[in-house]
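A note on names: the letters A, B, ... follow the listed sequences, proteins ahead of strands, and every chain is numbered from 1.
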2 protein chains.
Amino acid sequence: MFELSHLRCFVAVAEELHFGRAAVRLNLSQPPLSRQVQLLEHALGVRLLERTSRVVRLTRAGETFLPEARRLLRLAEGAALAARRTASGEAGSVTLGFTAASGYDFLPRFIQTFRAQAPGVDLVLKEMVSADQFESLAAGRIEIGLVRPWFNRREFSSQLVAREPLLLAAPEGHPLAQAAEVALADLDQQPMVTYSPYEARYFYDLVAALCASAGATPHYVQHVSQIHSILGLVKAGLGVALVPRAAGNLRFDGVLLRPIALDARSGEAPNLVELHAVWQPTNTNPALATLRGLLPRVG
Amino acid sequence: MFELSHLRCFVAVAEELHFGRAAVRLNLSQPPLSRQVQLLEHALGVRLLERTSRVVRLTRAGETFLPEARRLLRLAEGAALAARRTASGEAGSVTLGFTAASGYDFLPRFIQTFRAQAPGVDLVLKEMVSADQFESLAAGRIEIGLVRPWFNRREFSSQLVAREPLLLAAPEGHPLAQAAEVALADLDQQPMVTYSPYEARYFYDLVAALCASAGATPHYVQHVSQIHSILGLVKAGLGVALVPRAAGNLRFDGVLLRPIALDARSGEAPNLVELHAVWQPTNTNPALATLRGLLPRVG
DNA sequence: TCGATCGATGCCATTTTTGGATTGATGTTC
DNA sequence: GAACATCAATCCAAAAATGGCATCGATCGA
């Protein structure tokens with residue numbers, strides 16, 4: 001069988017129709033070039049060039065072979081480039097898990113940044129709750145997850161990627177929605193829609209801790225998993241709720257969002273709501289490294 | 001840069017995930033295989049395989065490169081095959097010139113045979129009178145021509161490919177068309193449409209010689225180039241004509257064809273009408289050799 | 001007829017490749 | 001935990017391939 005180096009020799013001669021000039025082009029001398037082309041012809045069992053001591057011309061078989069030879073050389077370079085780009089993380093594919101809520105704000109902004117910075121990487125998205133993401137990571141179904149606390153999975157690496165405050169969600173016309181901001185104490189004895197302690201434990205605990213910190217005891221009228229469901233119940237007048245600021249991107253008619261007032265010392269609502277990226281430390285996918293490098297850009 | 005032999009080594013290892021088995025497959029020993037794969041990785045500047053003393057696994061770059069490597073090897077084999085098929089005349093292209101009349105019978109039958117026997121050869125057809133075919137041959141516009149005599153072009157090779165008789169063409173109802181065959185003597189003083197002595201000299205001379213051989217002197221009422229035009233004038237009642245048997249394939253309504261009666265000794269009409277193939281003897285197109293080899297099949 | 005140019009061939013030095021021997025690492029069995 | 005088998009990598013000598021110089025026969029132009 002022939003080699004790519006034979007093809008380079010043949011292509012140079014076929015294009016120059018002169019062994020001397022082709023040899024110069026290939027940085028070798030004319031005798032080895034003559035021999036290399038002869039080796040190619042022998043390997044193929046076909047005469048590719050007709051030559052006298054003065055004239056070099058392609059045979060019909062040579063005419064057939066020349067475009068194929070050029071194509072092989074081009075494809076070889078392309079294959080090398082593709083391998084290099086994959087190795088460097090410029091090209092490849094990553095499977096990313098995300099929670100519904102992270103899809104409201106962080107994820108869209110991250111995807112935008114990621115596509116701009118790494119257009120050659122294919123991002124495969126899978127929505128699932130945090131617990132399922134850990135299972136999928138362990139099973140290799142996803143390579144990185146966007147999850148809520150709390151987790152204590154030592155076998156995964158993690159990185160905090162975003163924090164945001166909780167806001168009050170109240171129906172239009174609700175007394176608490178009239179003010180520009182709301183004191184936590186005002187939530188005492190208020191009907192409130194809160195999170196499921198099972199399917200949304202992180203948010204359940206967060207809300208409970210926040211209210212307890214102010215000595216407020218809301219009247220929890222419903223426990224729900226999804227934020228968009230919570231907003232629906234708020235609109236229906238069942239009560240108020242505390243939701244992450246990103247929920248504002250849902251633009252729910254009939255529901256107003258108000259910051260929580262703080263004591264005079266701190267000045268701004270604490271960013272209590274955390275979002276973490278998690279992955280297997282042994283993952284060697286270069287595109288994952290590329291992705292992880294871009295996470296801090298969107299915080 | 002890497003070589004196709006490197007690709008073969010890599011593909012074998014990638015498929016076996018074991019250097020020893022891959023080496024056996026490639027008919028070489030394990031140490032040189034290990035080194036060849038290392039050379040490929042060095043040439044690319046990319047790690048394609050992760051390996052410990054016990055485990056071999058593709059990297060992501062290796063996963064990207066493997067299908068490209070397989071493709072290159074396949075295309076290399078295909079390129080070799082294409083060159084061999086062109087060299088053997090199994091594949092390629094031929095330009096063939098032909099006269100209008102040869103298109104009635106010989107050429108269709110030849111094309112049918114040629115396509116069956118040489119499906120990989122592209123046949124490019126160009127209709128032109130014999131004189132123009134010689135010019136086109138000399139100029140390289142066609143590679144073989146189907147021409148009528150007479151020619152005396154020593155620089156071309158030729159081969160008689162078909163012969164056929166002349167038949168009498170008479171309008172329906174014409175007295176000469178009532179009999180199953182016609183004596184040449186019957187043509188004496190008959191109105192006759194014949195060939196142009198300039199644009200169809202071969203046929204003009206043939207008809208004149210045939211009539212003179214029987215002592216008949218037809219009354220030539222028209223001189224025309226093309227056989228289908230002659231048949232039209234016969235139908236119109238201007239006279240009879242002598243045409244090659246292949247003209248019967250035109251199926252001209254209103255015109256009957258009758259064989260020419262011979263003297264008792266010979267028994268059948270002589271095949272006076274000749275068709276020759278001509279080409280440049282220096283032409284090296286293998287597909288032309290294939291075509292020429294098939295010409296005698298259709299005679 | 002002579003000289004210049006060209007591709008092919010001979011020969012040799014250098015480089016590359018191959019295979020056997022061996023190594024260190026790793027997993028299995030006892 | 002030790003012994004053993006297996007595996008990919010390394011070392012080294014031998015074989016093969018490559019490249020370059022010298023030269024050849026053929027061909028073209030002056």
Side-chain angles (χ1 to χ4, degrees), chain A residues 1-63 65-66 69 73 76 282 284, chain B residues 1-59 61-63 65-66 69 73 76 87 282 284:
Chain A
M1 241 321 203
F2 58 88
E3 300 295 356
L4 293 175
S5 62
H6 293 131
L7 300 188
R8 274 183 224 107
C9 291
F10 167 65
V11 168
V13 174
E15 288 175 358
E16 300 284 348
L17 296 181
H18 188 283
F19 279 76
R21 291 199 300 268
V24 167
R25 190 164 132 177
L26 295 165
N27 291 318
L28 54 80
S29 54
Q30 177 266 323
L33 175 58
S34 177
R35 238 176 263 124
Q36 285 291 324
V37 172
Q38 286 173 15
L39 284 174
L40 174 60
E41 288 178 318
H42 186 264
L44 292 175
V46 161
R47 177 54 62 107
L48 299 172
L49 295 158
E50 254 176 73
R51 43 226 196 258
T52 67
S53 54
R54 279 291 188 170
V55 171
V56 178
R57 172 183 357 238
L58 279 165
T59 62
R60 288 304 172 102
E63 285 173 355
F65 194 71
L66 179 58
L73 292 171
T282 54
T284 56
Chain B
M1 238 321 201
F2 57 88
E3 300 295 358
L4 294 175
S5 63
H6 292 131
L7 300 187
R8 277 184 221 103
C9 291
F10 167 65
V11 167
V13 175
E15 288 175 358
E16 301 284 348
L17 296 178
H18 188 282
F19 279 76
R21 292 201 299 269
V24 167
R25 189 163 131 179
L26 294 164
N27 289 320
L28 55 80
S29 54
Q30 177 267 323
L33 177 57
S34 178
R35 232 173 276 120
Q36 283 291 325
V37 173
Q38 284 173 16
L39 284 176
L40 174 59
E41 287 177 319
H42 187 263
L44 292 174
V46 159
R47 177 56 60 108
L48 299 172
L49 295 158
E50 258 176 70
R51 45 225 194 258
T52 67
S53 55
R54 279 291 187 171
V55 172
V56 177
R57 175 187 349 244
L58 279 166
T59 61
E63 286 174 353
F65 194 71
L66 179 58
L73 292 171
T282 54
T284 56

* Could you tell me the separation between the SG atom of A:Cys9 and the CZ atom of A:Arg35, rounded to the nearest 0.5 Å? => 12.0 Å
* Answer with base, sugar-phosphate or nothing: what part of the nucleic acid does A:Leu49 contact at a heavy-atom distance below 4.0 Å? => nothing
* Report yes if some heavy atom in the side chain of B:Leu40 is under 4.5 Å from a heavy atom in the side chain of B:Gln38; otherwise report no. => no
* Structure fact -> From CZ of A:Arg57 across to P of C:dG7 the rounded distance in Å is 13 Å
* Asked: Taking N and O atoms by type only, does the side chain of A:Gln30 place a donor or acceptor under 3.5 Å from a partner on the base of C:dA8?
  -> yes
* 5' precedence on DNA chain C between B:Gln36 and B:Pro31 (nearest-nucleotide basis) -> B:Gln36
* To do: Just call it for B:Thr52: base, sugar-phosphate, or nothing, with non-hydrogen atoms closer than 4.0 Å on any strand.
  => sugar-phosphate
* Examine the base of C:dG10 for any acceptor or donor lying under 3.5 Å from a partner atom in the side chain of A:Arg35, and report the outcome as yes or no. => yes
* To do: In whole angstrom, give the distance that lies between atom CD of B:Glu50 and atom P of C:dA25.
  => 18 Å
* **Min side-chain heavy-atom separation A:Thr284-B:Thr59 under 4.5 Å** => no
* Atom-to-atom span, CZ of A:Phe19 to C1' of D:dG19 - whole angstrom -> 16 Å
* Asked: Starting at CG of B:Leu17 and ending at P of D:dA8, how long is that distance when rounded to a whole Å?
  -> 10 Å
* Above 12 or not: heavy atoms from other molecules or residues under 6.0 Å from CZ of A:Arg21? -> yes
* **Side chain to side chain, B:Arg8 and B:Leu73, heavy atoms closer than 4.5 Å** => yes
* Asked: Quick one: is D:dG20 close enough that its OP1 or OP2 comes under 4.0 Å of any side-chain N or O from A:Ser29?
  -> yes
* Whole-Å gap separating P (D:dT6) and NE2 (B:His18) -> 10 Å
* Once you round it to whole Å, what is the distance between P of C:dA8 and CZ of A:Arg51? -> 4 Å
* To do: Could you tell me whether B:Val56 contacts a base, only the sugar-phosphate backbone, or nothing, with contacts defined as non-hydrogen atoms closer than 4.0 Å?
  => sugar-phosphate
* To do: Take the protein atom CG of A:Leu28 and the nucleotide atom P of D:dG20, then report the distance between them rounded to whole Å.
  => 6 Å
* What's the CG-P distance between B:Leu33 and C:dT17, to the nearest Å? -> 13 Å
* Side chain A:Arg54 and base D:dG29 donor-acceptor under 3.5 Å -> no
